[in-house]
Amino acid sequence: MTVENIDCTLPGACSRPSFWRDPRFAFAVKWIASVIQIAGYAATAFGVTPLNLYLFLGGVVGWLAMGLLWNDRAIMLIHLVALGAMLAGMASG
C-alpha cells in the first residue's frame, strides 16, 4: 500500500498530518535515505569508520520511516531488524 492509495476523504480516516500524505514527501524521504545508505556503503568500502555506521543508521531509519509511512510490514521488519543489529553491534564494540 502506498501513500497514493490511502483514502482520506472520510472524516477521521487519516490521523497522519497532511504532509505525510504528500507523495513529494515520500519521494524525498526514500531518496535521501537511499543516498545516505549508499554513502554508508562507500564509506565502508574505503574504510571510513565509524562514519559508515552512522550513515547506515541514517539510511535504515529513513527506510523504517518509509515502511511506517506506507504501512509496509516487510520494509518495517527488515529495517527494524537491521537497526537492532546495528545498535547491538555498536554497543558491544
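Every heavy atom of this structure was used, including side-chain atoms; hydrogens, water molecules and symmetry mates were not.
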Which side-chain N or O atoms in residues 81-93 pair as donor and acceptor under 3.5 Å with protein atoms at least two apart or in another chain?
unit_1, atom_1, unit_2, atom_2, d
Ser92, OG, Ala88, O, 3.3
Ser92, OG, Gly89, O, 3.2

Is any side-chain heavy atom of Asn71 closer than 4.5 Å to a side-chain heavy atom of Met76?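 The answer is yes, as the side chains (C-beta and beyond) meet within the 4.5 Å cut-off.
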Rest of the hydrophobic cluster containing Ile78 (Ile/Leu/Val/Met/Phe/Trp/Tyr, side-chain heavy atoms under 4.5 Å)?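 In the cluster with Ile78 there is nothing else; it is isolated.
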Give every donor-acceptor pair under 3.5 Å between a side-chain atom in residues 26-33 and any protein atom, sequence neighbours left out.
none

Scan residues 32-56 for pairs that pass ring pair (Phe, Tyr, Trp, His ring centres under 6.0 Å), counting only residues two or more places apart or in two chains.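 For residues 32-56, and leaving out neighbouring residues, the ring pair (Phe, Tyr, Trp, His ring centres under 6.0 Å) pairs sorted by first residue read Tyr41-Phe56.
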Could you check whether the rings of Trp63 and Trp70 sit parallel, tilted or perpendicular, using 30° and 60° as the cut-offs?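 Rings of Trp63 and Trp70: perpendicular, over 60°.
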With a 4.5 Å cut-off on side-chain heavy-atom distances among I, L, V, M, F, W and Y, is there a chain of contacts connecting Val35 to Val48?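 Per the 4.5 Å side-chain linkage, Val35 and Val48 are not co-clustered.
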All pairs passing salt bridge (Lys or Arg N to Asp or Glu O under 4.0 Å) where [range] contributes a residue, at least two apart:
{"range": "residues 81-93", "value": "none"}
{"range": "residues 73-93", "value": "none"}
{"range": "residues 41-55", "value": "none"}

To the nearest 0.5 Å, how far apart are NE2 in His79 and CG in Asp72?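 So the gap between those two atoms works out to 10.0 Å.
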Measure the spacing between CG of Leu64 and CG of Leu77 and express it to the nearest 0.5 Å.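 Reported to 0.5 Å precision, the distance equals 10.5 Å.
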Looking at residues at least two apart in the chain, or sitting in another chain, which of them share a salt bridge (charged side-chain N to carboxylate O under 4.0 Å, His left out) with Arg24?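 Checked Arg24 against salt bridge (charged side-chain N to carboxylate O under 4.0 Å, His left out); matches are Asp22.
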Considering residues at least two apart in sequence or located in another chain, which fulfil the side-chain contact (heavy atoms from CB on, under 4.5 Å) criterion with Ala39?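 side-chain contact (heavy atoms from CB on, under 4.5 Å) list for Ala39, sorted by chain: Leu55.
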Minimal non-hydrogen separation, Asn52 against Ala43, with atom names: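 Taking every non-hydrogen atom into account, CB-CB, 3.6 Å.
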